[in-house]
Amino acid sequence: MAVAKVFRSPDFGKRLEQACDQSPHCPPLHKGRLQWIADELKKRFKLSVSTETVRKWMHGESRPKQDKNLLLAQLLQVDPTWLFMGIDADLEPREKRVRNAMADGIVNVIAGFIQIDGGNPAFPAEGDKRAVVDNVDLYAIIKGANYAFHVSLGSDDYRFAVPTKHENVIVLGVMRDGFAIDVFEISEAMIAKGTKRGGSIEVVLDEETIQNALLNDFTKRLP
């Protein structure tokens, strides 16, 4: 009787663990990490996977197909090629984040709008400790004022994941509909009403806060 070969990819498991450790939203190991990944893939991308499947990915017992790998990389905000194949593995995931068009595409869009409106955006430099500690995705000078932004891409029901460490940044929530986007300034008061889930706070905007938080442009200083 033929014995089935078990596919193992320990290096993928190590990269996935590294990406999770670097993510400001992913819970620590052994504190709900597997369930968080399964829940977020379902909530954000309508992808149903079991915690057992995620466990196998984490332990290198299996590796997701490329379509699932793309969504997993987007969730953890790392380069999908690095996650899947280990190419450019000498770069840290945080370094790859600021250069990767898919994982950080929405950050690039925000930077573009700021520049179009006369501001000066800048991505965190390699080794920027503040960016790591405060979860800064983007710096900008707008009308002479300096800003540090964390950008969160929302799900269909205006649900945003905000890192627990966010006191020194302005949190921007972005909703996308095709090529159109809405940008919201998620205030501390909104975050205070959120629900802590692992390493992040889940903030849901209702109709009133959607209207109050909506930003029309970056032509003037933020409040």
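Fair warning: this is a prediction, and the values are worked out from it, not measured in the lab. Both backbone and side-chain heavy atoms feed into the values below; hydrogens, waters and symmetry mates do not.
D206 and T209 form a side-chain donor-acceptor contact under 3.5 Å, judged by distance and modelled atom types alone.
A salt bridge links R159 to D157: at least one charged side-chain nitrogen sits closer than 4.0 Å to a carboxylate oxygen. Using a 4.0 Å cut-off between a side-chain N of Lys or Arg and a carboxylate O of Asp or Glu, K43 and D39 do not qualify as a salt bridge. A salt bridge links R33 with D21: the distance from a Lys NZ or Arg NE/NH1/NH2 to an Asp or Glu carboxylate oxygen falls below 4.0 Å.
In this structure the side chain of L47 never reaches within 4.5 angstrom of the side chain of L72, judged on heavy atoms. At a threshold of 4.5 Å between non-hydrogen side-chain atoms, the residues L153 and R44 count as touching. Counting heavy atoms from C-beta outward, R176 and V109 have side chains that stay 4.5 Å or more apart. Side-chain contact between I110 and D137 is absent, with no heavy atoms from C-beta onward closer than 4.5 Å. Contact check for Q74 versus L70: no side-chain heavy atoms found under the 4.5 Å cut-off. Residues I37 and C20 are in side-chain contact: their nearest non-hydrogen atoms beyond the backbone lie under 4.5 Å apart.
Under the side-chain contact (heavy atoms from CB on, under 4.5 Å) test applied with V162, the options I191, V169, N135 reduce to a single match, I191. Of the options D128, N120, N146, a side-chain contact (heavy atoms from CB on, under 4.5 Å) to Y139 is made by D128 and by none of the others.
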Intermediate values then yes/no, side-chain contact (heavy atoms from CB on, under 4.5 Å), W36 and V54: CA-CA 10 Å; W36 180 85; V54 179; over 6 Å; no
Verdict with supporting geometry, E52 and K56, side-chain contact (heavy atoms from CB on, under 4.5 Å): CA-CA 6 Å; E52 175 62 15; K56 289 181 177 179; 3.4 Å; yes
CA sep, side-chain torsions, deciding dist, call: E61, R55, side-chain contact (heavy atoms from CB on, under 4.5 Å): CA-CA 8 Å; E61 296 175 15; R55 186 197 67 78; 3.0 Å; yes
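Note: R15 CZ to L83 CG = 6.5 Å, rounded to the nearest 0.5 Å. The CD atom of E17 sits 8.5 Å away from atom NE2 of H59, with the distance rounded to the nearest 0.5 Å. To the nearest 0.5 angstrom, I142 atom CD1 is 6.0 Å from F218 atom CZ. Residue L205 holds its CG atom at 10.5 Å from CG of N212, rounded to the nearest 0.5 Å. Taken from CZ in F160 to CE in M190, the straight-line distance is 10.0 Å, to the nearest 0.5 Å. With rounding to the nearest 0.5 Å, the separation of CG in L71 from CG in L41 is 7.0 Å.
Residues A140 and I114 share a closest heavy-atom pair of CB-CD1, 3.9 Å. Listed here is the closest heavy atom pair of A148 and R130: CB-NH2, 3.4 Å. In plain terms, the two heavy atoms of T164 and K196 that are nearest each other are CG2-CE, 3.9 Å. When all heavy atoms of K42 and S48 are compared, the closest pair comes out as NZ-OG, 3.0 Å. Between R221 and A145, the shortest heavy-atom contact is NE-CB, 3.7 Å. Across all their heavy atoms, A131 and P124 have their closest contact at CB-CB, 3.6 Å.
Around CD of E188, the count of heavy atoms belonging to other residues, nucleotides or ligands within 6.0 Å exceeds 12. Counted within 6.0 Å of CZ on F45, heavy atoms from surrounding residues, nucleotides or ligands total more than 12; the atom is thus considered enclosed. Heavy-atom neighbours of E208 CD from other residues, nucleotides or ligands within 6.0 Å: at or below the threshold of 12. Counting non-hydrogen atoms of neighbouring residues, nucleotides and ligands closer than 6.0 angstrom, the CG atom of D177 reaches no more than 12 such neighbours.
L172 and V204 fall into different hydrophobic clusters, where Ile, Leu, Val, Met, Phe, Trp and Tyr are joined by side-chain heavy atoms under 4.5 Å apart, directly or via other members. Put simply, L214 and I210 are part of the same group of oily side chains (I, L, V, M, F, W, Y) that touch within less than 4.5 Å, one to the next. When hydrophobic clusters are built by joining Ile, Leu, Val, Met, Phe, Trp and Tyr residues whose side-chain heavy atoms come closer than 4.5 Å, directly or via intermediates, F123 is not grouped with I141. Residue V107 is grouped with residue I181 when hydrophobic side chains (ILVMFWY) are merged at heavy-atom distances under 4.5 angstrom, including chains of intermediate members.
At distances below 3.5 Å, not a single donor-acceptor pair connects side-chain atoms of T219 with backbone N or O atoms of D117.
Judged as a ring pair (Phe, Tyr, Trp, His ring centres under 6.0 Å), and not counting sequence neighbours, the contacts of Y147 are F149. Remark: Y158 engages F184 in a ring pair (Phe, Tyr, Trp, His ring centres under 6.0 Å) (not counting sequence neighbours).
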